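In what follows, a single structure is set out as structure tokens and then discussed.
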Amino acid sequence: MPPHRYTAALAGRIESCWQDWWTEHGTFHAPNPVGPLAEADGSPGAELAKRPKLYAMDMFPYPSGAGLHVGHPLGYIATDCYTRFKRMAGFNVLHPMGFDAFGLPAEQYAVHTGQHPRKTTEENITRYRAQLRRLGLAYDDRRSFATIDPDYYRWTQWIFLQIFNSWYDSEQRKARPIAELEAEYASGARPVPDGRAWDQLTRVEQREIVDGHRLAYAAEVPVNWCPGLGTVLANEEVTPDGRSERGNFPVFRKSLKQWMMRITAYADRLADDLDGLDWPEPVRIMQRNWIGRSEGASIDFPTDAGSIRVFTTRPDTVFGATYLVLAPEHPLVDSLTGQAWPADTPLTWTGGHASPGEAVAAYRLQASMASEAERTSESREKSGVFVGAHAVNPVNGAKIPVFIADYVLAGYGTGAIMAVPGQDERDWEFAEVFDLPIVRTVRPPDGFDGKAYTGEGPAINSWAEGVSLDGLRVADAKRTIIDWLAANGHGEGAVTYRLRDWLFSRQRYWGEPFPIVFDETGLPVAVPEDMLPVELPEVDDFSPKTYDPDDEHTEPEPPLGRASEWVEVTLDLGDGPKKYRRETNTMPNWAGSCWYELRYLDPTNSDEVVSAENERYWMGPQSEGDPGGVDLYVGGVEHAVLHLLYARFWHKVLHDLGHISSSEPFRKLINQGMIQAYVFRDSRGFPAPAAEVVEQDGGYTWQGEPVTRELGKIGKSLKNVVTPDAMCAEYGADTFRVYEMSMGPLEVSRPWETRAVVGSYRFLQRVWRNVVDERTGECGVVDAPADEETLRLLHRVIDAVRGDMDSLRHNTAIAKLIELNNRLTQLPDVPREAAEPLVLMLSPFAPHVAEELWRRLGHSDTLAYEPYPVADPELLKGDTVVYPVQINGKVRGRIEVAADADNDTVQAAALADEKVAEFVGGRNPRKVIVVPGRMVSIVL
RNA sequence: GCCGGGAUGGUGGAAUAGGCUUACACGGACGCCUCAAAAGCGUCUGCCCGAAAGGGCAUGCGGGUUCGAGUCCCGCUCCCGGCACCA
């Protein structure tokens with residue numbers, strides 16, 4: 001083998017050498033306008049800060065014990081290639097990376113082994129850093145942090161306090177400091193709910209009212225309490241039969257005091273502002289559906305126990321409301337429930353119970369025992385019971401029965417509906433089961449033979465004294481009836497959301513402590529900013545207290561609850577030293593990732609979360625109507641709703657309070673696809689080690705036994721893990737990067753195929769050979785000018801690759817570089833004027849080998865800031881153009897004509913062509929179409 | 001069921017604005033180099049008929065619009081992802 005061939009060993013040496021060089025020279029440090037990361041005037045870096053900026057970010061990883069596999073860095077490499085390109089194209093580029101390091105796996109490991117989660121997590125982070133460094137990612141390493149760093153979570157706590165100390169002013173449509181609310185109450189500008197004067201209330205009463213408006217508030221909410229695990233579970237951790245997925249313990253629906261975030265206050269803005277974002281349409285649709293804004297009306301139905309307010313999206317069908325249904329948990333159910341069944345109550349309505357009270361109690365018990373999954377399972381017969389009372393339909397005075405049924409959800413709308421079986425399928429089903437009247441109020445089209453009709457049509461049967469909707473289309477009917485309801489005091493137009501407030505407490509150790517203490521009244525008090533961070537105390541046992549699995553009447557006690565000298569604290573909060581009790585829940589995993597885009601901007605700032613000037617420079621709005629935000633955010637589609645919605649919410653609160661100029665965190669979002677890998681299974685269905693499977697006669701075998709092949713996720717349990725470390729060892733990091741980028745478009749999921757990596761390796765070897773003599777190691781390029789054909793190809797490639805780079809089409813960019821390189825390979829000598837642009841264009845993808853080649857081409861500095869090649873427009877134009885000639889839709893010939901030939905000339909040339917003439921056979925074409933620069937089409 | 005995305009050679013993919021289908025790569029075949037192998041290099045490689053020249057057929061299926069459709073329209077099939085009685 002020639003001594004200077006580009007092998008994996010040589011690649012490895014070059015790579016570590018350049019990684020060191022970049023670190024030593026701080027090559028990828030991005031200067032801030034102000035603060036510790038700013039460059040002094042006149043220094044070389046100061047010029048950078050005057051350039052247009054580009055802020056690109058990846059969704060940061062949770063450092064798991066398994067380390068990175070080849071799927072993880074796909075997005076990181078893509079943003080690295082993009083930002084390296086942008087840096088060469090004249091931008092001041094910020095591309096940071098950090099770690100989302102609080103999380104359950106380290107805590108569970110700690111429960112089992114006693115190993116402190118911080119130790120496990122920090123070791124994992126160290127490993128991740130090494131793996132990422134090996135890939136040559138051009139991060140500004142001064143800006144890296146982990147969410148577990150007290151310097152970081154100090155500011156997570158600070159933001160919590162901002163939210164805690166705010167309320168949402170629905171008139172101004174923004175968050176405002178809670179002190180301004182209190183001032184409104186105190187001045188009388190805002191009336192106290194019960195009509196008393198503010199200063200007649202006790203301090204506790206005042207605080208309770210104010211606390212009820214905070215954007216972060218404590219509330220009793222129903223949760224999945226699992227005494228056997230000592231913790232509250234997410235819905236997805238509960239099996240359909242109401243047991244815990246882990247441990248199979250019983251789970252109880254129980255109301256517990258939890259911290260909540262009032263994200264519903266922002267529902268409108270979170271939905272509306274999606275329009276201004278450059279995000280994939282499916283993600284915007286998912287967020288809109290999640291928020292689930294629906295417009296309709298609230299209508300009050302009077303009863304003896306007070307009126308029942310229902311929410312409906314179809315107020316136009318109110319004349320067809322033949323009964324009401326409340327959720328079993330609805331607060332009015334108790335007072336509504338009659339003493340005895342009214343005369344003539346059908347047996348089916350009573351559930352076979354002697355009195356309404358018994359029927360309601362039995363039905364409620366049945367509903368509460370059913371799990372969420374069971375209750376909402378599809379295609380089960382409608383159930384419910386009559387409460388023994390009636391309501392009055394306000395539009396026509398009709399007396400209609402009131403039921404409870406579990407298909408009505410307490411948490412949505414008002415927890416009560418008017419049932420309109422004629423126009424709603426669920427109501428129709430229910431009406432059939434209970435033999436309730438059905439009135440059509442929208443005329444279905446002729447020939448309609450279905451049950452409920454939910455479509456468009458004229459209103460019918462919708463007339464009463466003083467109001468008629470008959471003949472109106474749905475939209476007009478809605479408007480008319482809402483106006484009438486409002487004018488007559490029966491209701492009003494209303495909007496509801498599917499979105500619910502965000503449950504923000506966890507009974508865990510390994511999370512951010514809340515900066516909250518409770519005083520002797522039991523009400524929460526904010527820990528002052530100058531006492532932040534509230535650090536996690538050391539504990540001996542990381543598990544929550546567990547109980548008898550069947551004892552529903554227990555309360556969670558988080559691990560922090562046992563750190564008694566931490567929990568019981570004496571503080572001077574301005575009124576002398578007093579005893580307080582700390583909040584012992586911790587924040588959820590989302591907290592740290594809700595605002596990290598801001599901290600990268602000013603990671604060392606100890607006075608502010610981020611300085612205004614730095615935030616405005618990197619993330620501020622760029623034009624009228626621009627929300628601002630990160631210029632490019634890349635991550636998996638699995639975060640389409642929760643992470644992205646929570647981060648947007650926090651960002652908007654900080655924006656409202658005047659801390660930041662951008663109103664959205666991420667201006668542009670791209671979801672990268674997943675790298676999948678083949679899973680091979682033996683006859684029993686167990687995964688076989690993918691690396692040991694051999695292909696034979698079109699099938700696959702492992703240890704001689706046939707195995708089946710399917711596509712799946714990469715993971716330990718599927719025995720198909722391939723690590724970037726292995727790829728770097730076998731081919732070098734540059735080859736790995738080029739391969740990942742050439743596999744296909746970033747957004748698309750695709751299977752990993754190790755044997756195809758060699759294609760990228762050969763490509764880099766050929767580039768190397770075009771510049772370096774493999775026998776001597778000397779640079780072999782010549783200074784003689786390139787021939788015209790090479791030059792034209794070069795400039796066509798420059799032009800196309802620039803476009804590809806700008807829109808992250810890395811796969812096609814690489815294909816064009818390969819074409820250019822293949823052309824150079826065929827030349828007797830490689831001209832410098834082609835080799836240098838090729839190396840520059842290659843450098844975003846294969847930065848180490850490109851730096852090395854650049855050095856060997858005689859340059860002394862990094863190419864990271866070399867101007868990216870620009871195509872010469874003169875060389876993009878050819879002298880001649882080849883036109884394909886279609887005859888009746890089939891390509892039958894080709895002609896070459898001058899590039900500036902007019903249509904008549906092209907047409908004449910086409911008809912004169914020998915092959916074309918043969919097909920035309922002397923006939924007179926009916927039509928000849930010339931598309932300039934494209935093709936000729938002849939119709940016979 | 002609803003919502004979203006997709007289907008192009010043996011494989012991953014390309015075709016950015018309705019204009020030459022299959023760029024680039026993997027795999028495969030043959031050749032060069034070599035005592036040999038590996039590596040490297042070169043040529044060929046959508047399918048069918050044909051000795052060749054050439055012809056026919058091809059972007060999941062069936063229609064349509066158009067001089068011209070992978071791309072637009074209508075109707076299906078299959079695959080992937082998300083949601084779950086939301087009034």
Side-chain angles (χ1 to χ4, degrees), chain A residues 1-2 5 7 280-286 288-290 292-294 296 310-315 317 325 372-373 375-380 382 405-409 411-420 423-427 429-430 496-499 637-638 640-641 671 674 676 695 698 711 738-739 742-745 747-760 762-763 765-766 769 774 800 803-804 807 809 811-819 822 825-826 882-891 893-894 925-929 931 933-940:
Chain A
M1 176 173 331
R5 172 158 294 174
T7 60
E281 191 56 21
V283 176
R284 294 198 290 180
I285 290 170
M286 279 190 254
R288 260 190 219 104
N289 290 346
W290 188 262
R293 179 188 160 93
S294 51
V310 306
F311 174 76
T312 176
T313 55
R314 294 292 303 273
T317 64
V325 186
E372 190 118 320
R375 238 179 102 163
T376 57
S377 92
E378 157 191 12
S379 76
R380 75 194 236 277
K382 289 279 175 287
D406 61 8
Y407 82 96
V408 174
L409 308 176
Y412 184 76
T414 60
I417 61 157
M418 62 175 203
V420 189
Q423 275 81 228
D424 185 284
E425 279 154 22
R426 293 154 304 181
D427 295 345
E429 277 177 47
F430 191 88
T496 48
Y497 303 90
R498 206 190 80 114
L499 182 70
V637 72
E638 64 272 20
V641 177
N671 295 124
M674 203 174 24
Q676 299 158 304
E695 192 171 356
L711 211 48
V738 170
Y739 175 64
S742 60
M743 289 168 82
E747 295 88 341
V748 172
S749 293
R750 71 306 292 269
W752 177 264
E753 195 173 10
T754 297
R755 71 175 178 181
V757 178
V758 71
S760 303
R762 289 180 192 147
F763 166 51
Q765 279 185 334
R766 284 195 285 260
R769 201 157 33 229
E774 285 192 331
D804 286 344
S807 39
R809 289 190 302 264
N811 53 329
T812 52
I814 290 171
K816 281 156 199 155
L817 295 179
I818 292 174
E819 280 185 76
N822 288 350
T825 305
Q826 288 154 18
V882 175
Y883 281 81
V885 183
Q886 273 185 6
I887 298 170
N888 287 347
K890 284 194 197 312
V891 177
R894 266 164 239 283
R926 283 204 310 216
K927 205 189 232 181
V928 178
I929 296 153
V931 185
R934 286 288 192 180
M935 63 152 14
V936 181
S937 183
I938 298 171
V939 190
L940 291 179

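Because only heavy atoms are used, hydrogens play no part in the values below, and waters and symmetry mates are left out as well, while side chains stay in. Residue numbering restarts at 1 for every chain, and letters A, B, ... go by the order of the sequence lines. Because the structure is predicted, anything quoted here is derived from the model rather than measured.
Looking at heavy-atom distances under 4.0 Å, A:Thr312 makes contact with sugar-phosphate atoms alone, never a base. Here A:Glu819 lies in heavy-atom contact (under 4.0 Å) with sugar-phosphate atoms only. Within 4.0 Å of A:Arg498, counting heavy atoms only, lies at least one base atom of the nucleic acid. Residue A:Gln765 is classed as a sugar-phosphate contact, given heavy-atom separations below 4.0 Å to backbone atoms only. Across all strands, A:Ser294 comes closer than 4.0 Å only to sugar-phosphate atoms, never to a base (heavy-atom distances). Within the nucleic acid shown, A:Ala756 comes within 4.0 Å of sugar-phosphate atoms alone, with no base atom in reach, counting heavy atoms only.
Ring orientation note: the planes of A:Tyr412 and A:Phe311 are nearly perpendicular, at an angle over 60° on the 30°/60° scale.
Here the straight-line distance linking atom CE of A:Met935 with atom CD1 of A:Ile929 works out to 9.5 Å at 0.5 Å rounding. The NZ atom of A:Lys927 lies 13.5 Å from the CD1 atom of A:Ile938; values are rounded to the nearest 0.5 Å. The CE atom of A:Met418 sits 4.0 Å away from the OG1 atom of A:Thr312 when rounded to the nearest 0.5 Å. Atoms CD and CZ, from A:Gln765 and A:Arg5 in turn, are 6.0 Å apart once rounded to the nearest 0.5 Å. Rounded to the nearest 0.5 angstrom, A:Leu409 CG and A:Arg498 CZ are separated by 10.5 Å. Between the CZ atom in A:Arg769 and the OG1 atom in A:Thr825 there is a gap of 7.5 Å [rounded to 0.5 Å].
The nearest whole Å value for the distance from the CD1 atom in A:Ile929 to the P atom in B:rA69 is 12 Å. Rounded to whole Å, the distance from CD on A:Gln826 to C1' on B:rC41 is 12 Å. As rounded to whole Å, 9 Å separates atom P of B:rC24 from atom CD1 of A:Ile818. Rounded to a whole Å, the CE atom of A:Met286 is 15 Å from the C1' atom of B:rA84. Going from atom CD of A:Glu747 over to atom C1' of B:rG81 covers 16 Å, rounded to whole Å. Rounding to whole angstrom units, CE of residue A:Met674 and C1' of B:rG6 are separated by 14 Å. The separation between A:Met418 atom CE and B:rA87 atom P is 12 Å, rounded to whole Å. Rounded to whole Å, atom C1' of B:rA69 lies 12 Å from atom CE of A:Met935.
For A:Arg766, whose side chain is taken as the heavy atoms from C-beta onward, the closest listed nucleotide among B:rG5, B:rC41, B:rC3 is B:rC41. Listed candidates were B:rC67, B:rG4, B:rC26. Nearest to the side chain of A:Val758 is B:rC26.
Nucleotides B:rU77 and B:rG28 are separated by 39 Å at their P atoms, to the nearest Å. Comparing the P positions of B:rG10 and B:rA23 gives an interatomic distance of 14 Å, to the nearest angstrom. Spacing between B:rG70 and B:rA58 at atom P, rounded to whole Å, works out to 10 Å. The same atom, P, is picked in B:rC67 and in B:rC2; the two are 37 Å apart, to the nearest Å. Atom name C1', nucleotides B:rG4 and B:rG13: the rounded distance is 23 Å, in whole Å. Across the P atoms, B:rG50 and B:rU43 are found 30 Å apart, a figure rounded to whole Å. Straight-line distance between the C1' atoms of B:rU16 and B:rA37: roughly 46 Å, to the nearest whole Å. Comparing the same atom, P, in B:rU71 and in B:rA7 gives a spacing of 11 Å after rounding to whole Å.
Within a 6.0 Å radius of CD in A:Glu425, other residues, nucleotides and ligands contribute 12 heavy atoms or fewer.
Looking at A:Arg750, its side chain does come within 3.5 Å of a backbone N or O of A:Pro745 through a donor-acceptor pair.
A:Arg809 has its side chain within reach of A:Asn811: a pair of non-hydrogen atoms, C-beta onward, lies under 4.5 Å apart. Within the 4.5 Å cutoff, the side chain of A:Ile814 has no heavy atoms near those of the A:Tyr739 side chain.
Within the structure, every side-chain polar atom (N or O) of A:Arg288 is placed at least 4.0 Å from both OP1 and OP2 of B:rG82. Between A:Lys890 and B:rC57, a side-chain N or O to OP1/OP2 separation shorter than 4.0 Å is present. Proximity of A:Asn289 to the phosphate of B:rA84: no side-chain N or O atom is located under 4.0 Å from OP1 or OP2. OP1 or OP2 of B:rG40 sits under 4.0 Å from a side-chain N or O of A:Arg762.
Salt bridge status for A:Glu281 with A:Arg284: present, with a side-chain N to carboxylate O gap under 4.0 Å.
Anti is the conformation of B:rG56, whose glycosidic angle sits further than 90° from 0.
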Nucleotide-resolved protein contact map, nucleotides 12-18 of chain B, B/S/- at heavy-atom distance under 4.0 Å: SSS-B--
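Residue order along RNA chain B, read from the 5' end via each residue's closest nucleotide, puts A:Tyr739 first among A:Tyr739 and A:Gly413. Residues A:Glu281 and A:Arg5 both approach RNA chain B. Their nearest nucleotides, taken by heavy-atom distance, put A:Glu281 toward the 5′ side.
Helical stems in RNA chain B, defined as runs of 3 or more consecutive Watson-Crick or G-U wobble pairs with both donor-acceptor distances under 3.5 Å, are listed by first residue as B:1-7 with B:77-83, B:10-12 with B:24-26, B:27-32 with B:40-45, B:46-49 with B:54-57, B:60-64 with B:72-76.
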